[in-house]
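This report refers to the structure that appears directly beneath it.
Everything numeric in this text was worked out from a predicted model, so none of it was measured. Whatever order the structure lists them in is the order used to number ligands and atoms, beginning at 1. The analysis underlying the following values was restricted to heavy atoms, covering all of them including side chains, and did not include hydrogens, waters or symmetry mates.
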Amino acid sequence: MEHHKNQPSTVILVTGARGQIGTELVAALRKVYGRKQVIATDLHDAAAIPDQQRPYHQLNVLDKDDLESLVVTYGVTQIYHLAATLSAKGEEAPLKAWHLNMQSLLNILEVAKDHKLDKVFWPSSIAVFGPSTARKISPQDALLDPQTVYGISKEAGEQWCAYYREHYGLDVRSLRYPGLISYSAPAGGGTTDYAVAIFHEALQNGSYECYLNPDTALPMMYMDDAVRATLELMNAPKEALKERGAYNIGALSFTPAELAIALKMHIPDFTISYNADKRQSIANSWPAGVDDAVARHDWNWQPEYDLTAMTKDMFDHLEPVYKNSNAATMS
Ligand code: AKB
């Protein structure tokens, strides 16, 4: 995508910028808007951040005053709020996860309202679905009955976003991300993390012990598609966006056993074993796929990566990394 020369006043602040999504979204936003227009923030100490990844600020998004002062100092016009505790980690300390996920969102919404920001992006998740949702394909307007504190925070967050949109006219947009697969930054604390870890273990050890059962199908997406979906949603004309909550977006649906077969095309000796843990019951409460017809209709959503293309791209990027590190260990 080209730099938007006609949008010089767009200044974007990203929270959770060093996380799995943030790492790639910040890079993509900087390609479009220019590096200096995108302020990355996260909990990491700013002293450790290389120059080419700046502007960067250490920010605990629970600190509303710090958030507000960054918005004022930089003249921020849009926020992408990615900082959150995911499904599996959230179950270890439910009240802490609730506090982080909800209070941070409310801080963002309040600051965005008070400073009349142009737009806010906030990710929801397939974790809003629960046992009453059609297991095979969840409709856009499914009854939401999340089973995790993370899912409850996403359901409540969708309602809060709609509230700020309807009561204050804030342009806040949201997607229900499926499990995301990427090579740049590790996934952290989710139920779908196995689909990233399996690539690293396969390349390092030739085997992987999966914490989900072989036949557990879940909705997944390659990060390139997720980043593109985010940018396309944020650039869509406001009038076209009719959905009150967050949009379902579909791409892939596969089981650990199916992913293992795709990996074997690249590493024929790869082996997988199974030892289901607590994350299995979370996965059991989620659908295998989502119906994204509304996103396709409203803003032309269209995924590009299927399982084969995603697996190939992961190997194309990760194989050289592990080859180089093995060569360095041996020399
Ligand atoms: C998780 O597994 O918690 C996340 C998600 C599906 O939102 N990847």
List below, pair by pair, the N or O atoms of ligand 1 and of the protein that are less than 3.5 Å apart, including the distance to 0.1 Å; reply 'none' if no pair qualifies.
from, atom 1, to, atom 2, distance (Å)
ligand 1, 2 (O), S87, OG, 3.4
ligand 1, 2 (O), T191, N, 2.7
ligand 1, 2 (O), T192, N, 3.1
ligand 1, 2 (O), T192, OG1, 3.3
ligand 1, 3 (O), S87, N, 3.1
ligand 1, 3 (O), S87, OG, 2.5
ligand 1, 7 (O), S125, OG, 2.7
ligand 1, 7 (O), Y150, OH, 2.7
ligand 1, 8 (N), T192, OG1, 2.9

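Within 6.0 Å of NZ on K119 lie more than 12 heavy atoms contributed by other residues, nucleotides or ligands.
Taking the six-membered ring for Trp and the full ring otherwise, the centers of H57 and Y74 sit less than 6.0 Å from each other.
With sequence neighbours excluded, the residues that form a side chain to side chain contact (heavy atoms under 4.5 Å, CB included) with K113 are E110, Y164, Y168. In terms of the side-chain hydrogen bond (donor to acceptor under 3.5 Å, both in side chains) criterion, E319 has no residue partners (sequence neighbours excluded).
In this model, a donor atom of one side chain and an acceptor atom of the other lie less than 3.5 Å apart for S104 and H81.
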Tell me which donor-acceptor pairs under 3.5 Å the side chains of residues 184-194 have, and how far apart each pair is, sequence neighbours excluded?
from, atom 1, to, atom 2, distance (Å)
S184, OG, E24, OE2, 2.9
T191, OG1, S87, OG, 2.7
D193, OD1, G190, N, 3.2
D193, OD2, G189, N, 3.0
D193, OD2, G190, N, 3.0

